There are 2 protein chains.
Amino acid sequence: MHATLRDANPPLTRSVEDYLKAIYHLSNQGGFAATSDIAAMLEVAPPSVSGMVKRLSETGLIEHVPYRGVQLTAQGRRAALKMIRRHRILELYLTQQLGYDWGGVHAEAEQLEHAVSDELIERMAGTLGNPQYDPHGDPIPTAAGEIEEAELVSLAEAGVGAKLELRQVGTQDPARLRYFAEQGLTPGVLLTVTDRQPFNGPTTIALVPSGDPRVVGRELALLLWCREVPVEQHGHASH
Amino acid sequence: MHATLRDANPPLTRSVEDYLKAIYHLSNQGGFAATSDIAAMLEVAPPSVSGMVKRLSETGLIEHVPYRGVQLTAQGRRAALKMIRRHRILELYLTQQLGYDWGGVHAEAEQLEHAVSDELIERMAGTLGNPQYDPHGDPIPTAAGEIEEAELVSLAEAGVGAKLELRQVGTQDPARLRYFAEQGLTPGVLLTVTDRQPFNGPTTIALVPSGDPRVVGRELALLLWCREVPVEQHGHASH
DNA sequence: TCTGAAACTTAGACTAGTCTAATCTTTGCC
DNA sequence: GGCAAAGATTAGACTAGTCTAAGTTTCAGA
C-alpha cells in the first residue's frame, strides 16, 4: 500500500552526474567514449567504469557496445548538458559576483553543480543577464538543454598542429595539480600540439609564445581541457 | 610505500555532517541527544543511528553512553558549528543577494552547506558585511567556531507556556511539508505551548494571535524548530 | 520490588560505489 | 593469418549507509 515500488525516475547521484559529463565530453563528435578514457578522466579504475556503465545503460542514460565504448542517449545527453550549464553559470557567477579568479573557480563549481537547484541556477543566470557564452567564448547550454557546438577537447584528442588554449584541469589531486603548475600548464596558457606518439603514447606540445616544449602522457593529457583557438587569436567570435 | 595508510583525518561525509548538526541541536543545553530523537530529526530508522553513532564515536566526534545518548566532543562541536555557520550565511546570502524568500531558502541551504568551500562562505559573508546575526536574530557562529548562545529549540523540547516563533521545518518530505502548511505551521508564525502529554506524547499549541489550537505528535514536533520569543516581541536585541 | 512497555542495540541483508586480480576480446603488426 | 599486448569485462571483496526483525536494557508505576 505505501511506497514500496522502485522509484521510476530516481534522482541522479553525484557519481552518475560525473560519469555523464565525462561521457559527453569524450564522445563529443558523435563517437564512442572508451572505458579507459572515462576511467582516466574521473580518476577511477577501469572496472569501476564497467560497473557504472552497466547501471547507466540499464536506466537508459547511455548505450553500451561491449568492448567498443558508450554513447549518451537523448536522455543522458540532456542530463549532461544540464550539468554543463550549471557548471558554466556557477563559474561565471563566482568570478563576476564573488571575486573568484579563474584558477580557483573550477573546483568550487565542480562541487556546487551537484548541489544547486534549478531555481538557484536560473536566479544566478538572471543576475548575470542570462549569458549565452562564458568568458572564454564557450557556449552555455540553455535551460532546455540546447547548446551551440564548439566544445572543449582534451589535449589527448587534439590533432597535431592544433593551437589550443588550456581551459580546465580536470583533477583535484594535489600532486597532479602541483605537477601541472610546475610545468606551466595552468588555465589560460596557449599551446600548440607538435607531436603525438601512436599507441596512446604521449603528446608533445609547445607553449606559446615561449616555444618551450612539454611531453604529456595520455593519462595526464586527458585531464587537460582545451579550447581550439581560431587563427585570429583575440576576443571570441561574436555570434 | 605509496599512500596505503588509513587517512588520519578523512573529510566528513554529507551524512556525518547531518548527524553532527542534529546532535548539536538536540543536546543544546549540554545534555545528551537520544537515539530516537536523532532518528526522527533525520528521518531515518533508529538502528541507522546506532550504526552511525558507533562510527562517530570511533572517530572521536561524539561520546556515546549506551542506552543514554550521545554528546559532541569539542571536535564534533566545532564541525557542527561550522555547518551551522554555513547554513545561516547561505540563507542570508540567498535571500539578500538572490531574491529568495524565507520559505524556499532552507532546503536550498541544506544541500549547499555540504558542497561549499570555506573560501566561498567567507566570500559570501564578506559580501554581506560579515553579519553576526541572521534576519531572525539568531547568532551566526564565527569562522573560528564560536557562537553566542540562544539557539533554536525543537517544539518537542519547549516547555509549557513558552512563546515561540517557528523558524525552520526540518524535513523535505513533501507530504509532511504539505501537512504542516495546511496546519498553518510555516516559518515565521508565532505560537504558545499550551500543553504537553507525558510519555513522549503530543504537544498542544495555540497559534498567535488567532489562538487556534493545534496538536502535534512528538515525531512531528521534533521537526519544528523554534526561537524562544522574548516578552517584547519585535526586532531583535541589539547586542 | 517487580514488571511491562518504551527505547536502544545487535544481527543480518541490501545498494551504490569503489578496488584488485583474473579472464576475455580486439587489434596492430610481422 | 596468427599472436602478443592493450583494452575491456567479470569475479570477488570492501566501505558507508540504509533497512527490518529480533534481542537487551532501562525505568515508571503498581
Side-chain angles (χ1 to χ4, degrees), chain A residues 2-7 10-20 22-23 26 32-59 61-71 114 156 173 197-202 217-219 222, chain B residues 2-7 10-20 22-23 26 32-59 61-62 64-70 114 156 197-201 217-219 222:
Chain A
H2 56 0
T4 318
L5 287 174
R6 240 256 152 291
D7 203 343
L12 305 181
T13 66
R14 173 168 297 237
S15 215
V16 166
E17 290 174 343
D18 283 335
Y19 275 89
L20 294 177
I23 294 167
L26 285 169
F32 286 89
T35 300
S36 55
D37 288 350
I38 301 170
M41 189 167 299
L42 297 177
E43 299 180 80
V44 298
S48 306
V49 177
S50 288
M52 179 60 90
V53 156
K54 195 163 168 230
R55 287 192 290 275
L56 293 182
S57 43
E58 276 163 8
T59 57
L61 289 161
I62 65 176
E63 300 277 356
H64 182 211
V65 181
Y67 292 97
R68 256 261 149 55
V70 299
Q71 269 183 316
H114 303 293
D173 173 30
Q197 295 294 321
F199 308 122
N200 292 333
R218 179 171 175 84
E219 198 173 326
L222 276 165
Chain B
H2 54 0
T4 318
L5 287 175
R6 244 245 161 292
D7 203 343
L12 305 180
T13 66
R14 171 169 299 237
S15 215
V16 166
E17 290 174 342
D18 283 335
Y19 275 90
L20 293 177
I23 294 167
L26 285 169
F32 286 90
T35 300
S36 55
D37 288 350
I38 301 170
M41 187 166 300
L42 297 177
E43 299 181 85
V44 298
S48 305
V49 177
S50 288
M52 179 61 89
V53 156
K54 194 163 169 232
R55 288 192 289 273
L56 292 183
S57 43
E58 277 162 7
T59 56
L61 289 161
I62 64 175
H64 181 210
V65 181
Y67 293 96
R68 257 261 149 56
V70 299
H114 303 293
Q197 296 295 320
F199 307 123
N200 292 331
R218 179 170 174 85
E219 198 173 327
L222 276 163

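Everything quoted here is computed from the prediction, not taken from an experiment. Throughout, a chain's letter reflects where its sequence line sits, starting with A, and its residues are numbered from 1.
Between the C1' atom of D/dG17 and the NE2 atom of B/H114 lies a distance of 14 Å, rounded to the nearest Å. With rounding to whole Å, A/L222 atom CG is found 14 Å from D/dG7 atom C1'. Rounded to a whole Å, the CD atom of B/E43 is 18 Å from the P atom of D/dG17. The CZ atom of B/R218 sits 14 Å away from the P atom of C/dA6 (whole-angstrom rounding). Note: CG (A/L12) to P (C/dA16) measures 13 Å, nearest angstrom. Computed from coordinates, the A/L26 CG to D/dG7 P distance equals 15 Å when rounded to whole Å. Atom CG of B/D37 is separated from atom C1' of C/dC8 by 12 Å (rounded to the nearest Å). Regarding A/E17, its CD atom lies at a distance of 11 Å from the P atom of C/dG17, rounded to whole Å.
One finds a side-chain N or O of A/S36 lying less than 4.0 angstrom from the OP1 or OP2 phosphate oxygen of D/dA8. Within the 4.0 Å cut-off from OP1 or OP2 of D/dT9, at least one side-chain nitrogen or oxygen of A/H64 is found. At C/dT18, one or more side-chain N or O atoms of A/S15 fall inside 4.0 Å of OP1 or OP2 (strictly under the cut-off). OP1 or OP2 of D/dC27 lies within a sub-4.0 Å distance of a side-chain N or O belonging to B/R68. Dashed line: the shortest gap from a side-chain N or O of A/R55 to OP1 or OP2 of C/dG17 is under 4.0 Å.
Each of D/dT24, D/dT20, C/dA16 was ranked by its minimum atom distance to the side chain of A/T13; first place goes to C/dA16. Here C/dC8 is the nucleotide among C/dG17, C/dC19, C/dC8 with the atom lying nearest to any side-chain atom of B/T35. When the nucleotides D/dA8, D/dG23, D/dC19 are ranked by their closest atom to the side chain of B/Y67, D/dG23 comes out on top.
Among the atoms of the strands shown, base atoms are found under 4.0 Å from some heavy atom of A/S48.
Put simply, the side chain of B/S57 does not reach to within 4.5 Å of the side chain of B/V70, judged on heavy atoms. For the pair B/V16 and B/M52, the minimum side-chain heavy-atom distance is below 4.5 Å. Side chains of B/V44 and B/Y19 form a contact here, defined as non-hydrogen atoms less than 4.5 Å apart. A/L56 places a side-chain heavy atom less than 4.5 Å from the side chain of A/L20.
Environment of CD in A/E219: sparse, with no more than 12 heavy atoms of neighbouring residues, nucleotides or ligands closer than 6.0 Å.
Mapping A/Y19 and B/V65 onto DNA chain C by nearest heavy atom places B/V65 closer to the 5' end of the strand. Comparing A/P47 and B/S50, the nucleotide of DNA chain C nearest to each residue sits closer to the 5' end for B/S50.
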